[in-house]
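Just so you know, these numbers use all the heavy atoms, side chains as well, and skip hydrogens, waters and symmetry mates.
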Amino acid sequence: METGAIPIDDLSGGLDCYLTLESGQTYLWQREDDAMYTGERNPDAWYATTIPDTGDVVRVRQRDGHLEWQSTTDADPHVRRLLKLDDDLEAIAADAPAESLIREAYDCHRGMRLVEDPAFGCLISFICSAQMRVKRIHDMVSTLALEYGDELAFDGETYHAFPRPEQLATATEAELRELGLGYRAPYVVRTAEMVAGGEAHPEEARDLPYEEAREYLTRFVGVGDKVADCVLLFALGFDEAVPLDTWIKSAIEDHYPDCDRGNYATTSRAIRERFGGQYAGYAQTYVFHHLRTGAGASE
DNA sequence: GGCCAGGACTCAG
DNA sequence: CTGAGTCATGGC
């Protein structure tokens, strides 16, 4: 086992591991106590995930002013990438718009960072996310890993990697319905087949201009503008992406009605500008979490 | 028991 | 391009 510890004080804007991993951005981590997305912290619990290409297992835990990690490999670069530890969060928060809702969200959830998920797992996760609560999305993604992913041994325990495209493409619609995916089942199978067959890959969107990248991702079955924005924001490094989900739409209605332009593309441009442009996705993620957890319910 | 959850698809106009 | 109808499932 390789281990390490990253001092939190070295990270601009700090880190809150719980907020980062349980704010509805990622469904590819598992909490050791099996209580992710229950709304309760457990400062002692490790979070584990796996690295797609190498099959390495990585565990992290935040304690005593450090982000501790344990892994099958030197996980320092993986941890820094997955939790975007090199983002200058202090500057991003300071430069965010002086809108009361945005400032309140940043102030209430200090240390929450964006994640950078592996693209395929993120894509499938958010296809599953349609009309689902975050806890159930996590359950569904965990089930896919259990049923179709590699078993990885580490430190005497068994971990389940999220399935590679060719593994998930072996699933049938009937099987996935049996696993509780509902009407998303054919979307997941067909998208996995598209990637496994080389027809398209979400990574292809990484180097495109933002709106072209979003358009590219909508070719996958079960992916509309909103899910595409989630993949751009949580996997492909587009910090300006603002997914227009039910919570953000209600925020637009209540706080930024002038940004409602009737369709996704133009409303997206307007709210992206209102949320600060380059790092609008950060502001979106804070506002989303603030509203969803009820902290901003009164206003 | 109706409503809702990080929506997308199909089809008509 | 836009609007209505449809689609599973579990928690409250």
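Taking the 5' to 3' direction, DNA chain B first and last meets chain A under 4.0 angstrom from a heavy atom at B:dC4 to B:dC9.
As rounded to the nearest Å, B:dC3 and C:dT6 have P atoms that lie 15 Å from one another. One P atom belongs to B:dC9, the other to C:dG10, and the distance between them is 23 Å to the nearest Å.
Atom CZ in A:Arg261 sits about 18 Å away from atom P in C:dC1, given to the nearest Å. Note: CD (A:Gln131) to P (C:dT6) measures 15 Å, nearest angstrom.
Judged purely by atom type and a 3.5 angstrom limit, A:Asp74 uses its side chain to pair as donor or acceptor with the backbone of A:Asp76.
A:Asn42 and A:Glu32 are not linked by any side-chain donor-acceptor pair at a separation below 3.5 angstrom, with hydrogens and angles left out of the test. Side-chain contact, A:Asn263 with A:Thr266: a donor N or O sits under 3.5 Å from an acceptor N or O.
No close placement of the A:Phe162 and A:Tyr148 rings is indicated, their centers lying 6.0 Å or farther apart. Residues A:Phe275 and A:Tyr256 place their aromatic rings such that the two centres sit under 6.0 Å apart. Residues A:Tyr18 and A:Tyr47 keep their aromatic ring centres 6.0 Å or farther apart.
For the segment residues 176-190 of chain A, residues with any heavy atom less than 4.0 angstrom from an atom of DNA chain B are, sorted by number, A:Tyr183, A:Tyr187.
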Check: residues 235-250 of chain A side-chain donor-acceptor pairs under 3.5 Å, at least two apart:
unit_1   : atom_1 : unit_2   : atom_2 : d
A:Asp245 : OD2    : A:Trp247 : N      : 2.8
A:Ser250 : OG     : A:Trp247 : O      : 2.8

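Within the 4.0 Å cut-off from OP1 or OP2 of C:dT2, at least one side-chain nitrogen or oxygen of A:Asn263 is found.
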